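Basis for what follows: all heavy atoms, side chains included, without hydrogens, waters or symmetry-related copies. Keep in mind it's a predicted model, so treat the numbers as computed, not measured. Each residue takes its place number in the sequence, starting with 1.
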Amino acid sequence: MKTLTTLAVFFIALSSFAQTSFFETIEKHGKDAVYNRYYSVYKDDAGKQQIKGKQYQLKAEILKFNGVYTGLKMVAASKNDKAGIFTIDATKSKSSKIIGYPNVSHIVDRISRKGFVAIDDYIFKIGNVWKAKDGHGFNSIDEIYIRVGASDKENNTASKDKKKKKFGAFMKKLKDAAINKAPSECTSPACKKAANMDLVAFVRKYLKQMEAKQNRYVLTTKDKADIAKIKNAVNAYYGKVKSKNDAYWKSPEGQAILENRRRANGYAKKNEVTLTNKTGRTIYIADKGSRNQGTLVGVGQSISWNCSRDAYLQQKLKKDTNTYYFRTTSKKVYRANNKCGGKFIIN
């Protein structure tokens with residue numbers, strides 16, 4: 001019976017919000033809406049949804065360019081909270097995508113494979129976004145941001161209520177400690193509601209329904225113009241970044257750095273050799289007679305070595321159960337001034 005009740009809550013909630021797009025959902029709560037961040041969202045071994053790691057209160061800042069929605073940024077709700085937890089802006093990165101414009105279901109970043117989905121009182125940060133074309137597929141919910149309701153605000157701001165409840169809260173902590181039980185972080189009605197759902201299934205069902213809506217929709221001339229604005233904006237941004245970079249490398253400071261690099265490369269070409277380990281085992285090499293641990297060179301790996309120095313093989317020997325020491329042998333694996341600026345194979 002409990003399972004049937006949970007499923008009923010899930011489908012009623014989903015049917016109520018499935019047709020509301022990403023930015024519409026966030027805008028309807030207003031720019032001053034506050035969200036509690038929970039950074040741990042998972043199912044326990046019994047299959048029960050867990051929401052933990054309550055940390056910071058944030059606001060959802062919708063990003064726009066010339067009247068067109070371009071992304072989202074979570075910002076601090078107060079000076080005591082952390083800002084810039086995660087930002088996706090389609091005008092600043094070609095990897096940031098707005099899915100299904102203008103019926104936006106969610107926004108994703110294809111490099112980090114993260115994204116935002118907004119459904120009613122919740123903003124989900126999804127992870128492992130895998131469907132390359134439209135980003136509808138994902139494998140996890142990394143975080144959930146739950147909108148603070150009226151009762152939560154009263155608890156946060158009414159000092160009189162805090163004083164009344166202070167002694168009771170103290171006694172509750174003592175009781176929880178006595179039975180070795182951590183106090184619940186998921187106490188608001190909205191959080192409890194989310195904890196009674198399968199959140200991954202909830203988000204996937206929403207995205208599937210929004211995808212069907214997007215597929216039925218025919219882009220208008222205005223829609224196409226808005227999409228072009230975003231594309232042109234990100235291209236202009238990349239062009240601006242390139243122009244700034246070009247100007248910097250042409251400046252006296254940039255030219256000085258380039259000259260230092262050229263000198264370093266010239267020095268390496270004249271004075272260094274690349275040693276490659278082809279022995280089939282990990283080795284250590286060092287200067288003749290060295291008593292310190294030499295340079296580790298893994299199987300097939302290469303290192304740069306000053307070609308004016310001979311290189312000798314080291315042995316790694318056990319001193320006791322947890323201690324090793326290194327002894328430089330008489331076996332020379334590289335002779336000084338051989339193939340400077342080039343490569344040398346250690347067999």
Side-chain angles (χ1 to χ4, degrees), residues 20-33 35 58-76 82-118 123-138 142-143 145 207 210-211 213-215 217-259 261:
T20 306
S21 68
F22 179 83
F23 292 110
E24 288 174 333
T25 297
I26 296 172
E27 279 193 327
K28 75 178 181 181
H29 297 309
K31 64 181 181 179
D32 293 324
Y35 296 81
L58 308 169
K59 291 183 178 181
E61 180 183 313
I62 294 177
L63 306 177
K64 293 183 180 181
F65 175 78
N66 287 346
V68 181
Y69 299 112
T70 63
L72 186 75
K73 180 179 182 180
M74 302 304 292
V75 299
K82 295 287 184 178
I85 300 298
F86 198 71
T87 302
I88 295 179
D89 187 352
T91 66
K92 298 294 189 294
S93 172
K94 291 182 179 179
S95 70
S96 297
K97 299 296 179 183
I98 299 174
I99 309 300
Y101 189 92
N103 300 303
V104 180
S105 52
H106 59 312
I107 56 179
V108 300
D109 181 81
R110 289 178 179 169
I111 291 178
S112 66
R113 297 175 65 196
K114 306 292 184 182
F116 284 132
V117 182
I123 299 175
F124 300 91
K125 182 181 174 184
I126 57 176
N128 295 317
V129 177
W130 52 263
K131 194 171 181 181
K133 183 178 179 181
D134 53 24
H136 281 94
F138 70 100
D142 293 348
E143 298 176 5
Y145 307 93
L207 294 180
M210 286 299 295
E211 183 179 23
K213 181 178 180 179
Q214 293 160 359
N215 291 338
Y217 185 81
V218 179
L219 292 175
T220 66
T221 301
K222 182 181 182 304
D223 296 334
K224 293 177 181 178
D226 288 344
I227 293 171
K229 282 183 182 179
I230 298 174
K231 184 177 180 180
N232 292 336
V234 71
N235 288 338
Y237 175 78
Y238 274 70
K240 186 183 294 184
V241 170
K242 184 179 183 303
S243 295
K244 284 187 176 181
N245 285 339
D246 291 345
Y248 174 77
W249 292 120
K250 291 178 181 177
S251 70
E253 183 180 358
Q255 287 295 305
I257 292 175
L258 291 175
E259 178 60 26
R261 289 181 181 177

Row check, Phe65 ring normal vs Lys229 NZ/CZ: under 6.0 Å, within 45°: no
Can you check whether [X] reaches [Y] side chain to side chain, under 4.5 Å on heavy atoms?
{"X": "Tyr238", "Y": "Asn235", "answer": "no"}
{"X": "Leu63", "Y": "Thr87", "answer": "yes"}
{"X": "Ile126", "Y": "Asp142", "answer": "no"}
{"X": "Ile107", "Y": "Leu72", "answer": "yes"}
{"X": "Lys114", "Y": "Val129", "answer": "no"}
{"X": "Lys64", "Y": "Val68", "answer": "no"}

Just by distance, with hydrogens left out, do [X] and [Y] show a side-chain donor and acceptor under 3.5 Å apart?
{"X": "Asp226", "Y": "Tyr101", "answer": "yes"}
{"X": "Asp109", "Y": "Ser95", "answer": "yes"}
{"X": "Ser243", "Y": "Asp246", "answer": "no"}

Quick one: do Ser105 and Val117 satisfy side-chain contact (heavy atoms from CB on, under 4.5 Å)? Show the steps, please. CA-CA 7 Å; Ser105 52; Val117 182; over 6 Å; no
Identify the two heavy atoms, one from [X] and one from [Y], that lie closest to each other, and give their separation to 0.1 Å.
{"X": "Asp223", "Y": "Pro102", "result": "OD1-CG, 3.6 Å"}
{"X": "Tyr35", "Y": "His29", "result": "OH-CD2, 3.7 Å"}
{"X": "Met210", "Y": "Thr20", "result": "SD-O, 4.2 Å"}
{"X": "Ala90", "Y": "Ile230", "result": "CB-CG2, 3.8 Å"}
{"X": "Leu219", "Y": "Ile227", "result": "CD1-CD1, 4.1 Å"}
{"X": "Ala60", "Y": "Ile123", "result": "CB-CD1, 3.9 Å"}

Atom pair [atom1] ([X]) and [atom2] ([Y]), whose distance is rounded to the nearest 0.5 Å:
{"X": "Lys231", "Y": "Lys224", "atom1": "NZ", "atom2": "NZ", "value": "13.5 Å"}
{"X": "Glu259", "Y": "Gln255", "atom1": "CD", "atom2": "CD", "value": "8.5 Å"}
{"X": "Asn128", "Y": "Ser112", "atom1": "CG", "atom2": "OG", "value": "10.0 Å"}
{"X": "Ser21", "Y": "Lys213", "atom1": "OG", "atom2": "NZ", "value": "6.5 Å"}
{"X": "Ile26", "Y": "Lys28", "atom1": "CD1", "atom2": "NZ", "value": "11.0 Å"}
{"X": "Lys97", "Y": "Arg110", "atom1": "NZ", "atom2": "CZ", "value": "5.5 Å"}

Could you walk me through whether Asn245 and Lys242 pass the side-chain contact (heavy atoms from CB on, under 4.5 Å) test, one step at a time? CA-CA 5 Å; Asn245 285 339; Lys242 184 179 183 303; 5.6 Å; no
Go through Glu27 and Tyr69 one step at a time and tell me if the side chain to side chain donor-acceptor pair (under 3.5 Å) criterion holds. CA-CA 11 Å; Glu27 279 193 327; Tyr69 299 112; 2.8 Å; yes
What verdict does the side-chain contact (heavy atoms from CB on, under 4.5 Å) test give for Phe22 and Asn103, after you've listed the backbone C-alpha separation in whole Å, the side-chain angles of each residue and the deciding distance to 0.1 Å? CA-CA 8 Å; Phe22 179 83; Asn103 300 303; over 6 Å; no
Evaluate side-chain contact (heavy atoms from CB on, under 4.5 Å) for Val104 paired with Ile99, printing each intermediate quantity in order. CA-CA 6 Å; Val104 180; Ile99 309 300; 5.6 Å; no
Is it the case that the side chain of Lys94 and the backbone of Thr91 share a donor-acceptor pair, with hydrogens and angles ignored and the cut-off at 3.5 Å?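 Side chain of Lys94 to backbone of Thr91: no pair is present.
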Using atom types as modelled and distance alone, determine if a side-chain donor or acceptor of Glu253 lies under 3.5 Å from a backbone N or O of Tyr248. no
Quick test of your reading of the model: are Lys59 and Asp32 salt-bridged, counting only N-O distances below 4.0 Å?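 Yes, this pair counts.
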Ring-ring centroid check Phe86 Phe116, cutoff 6.0 Å: yes
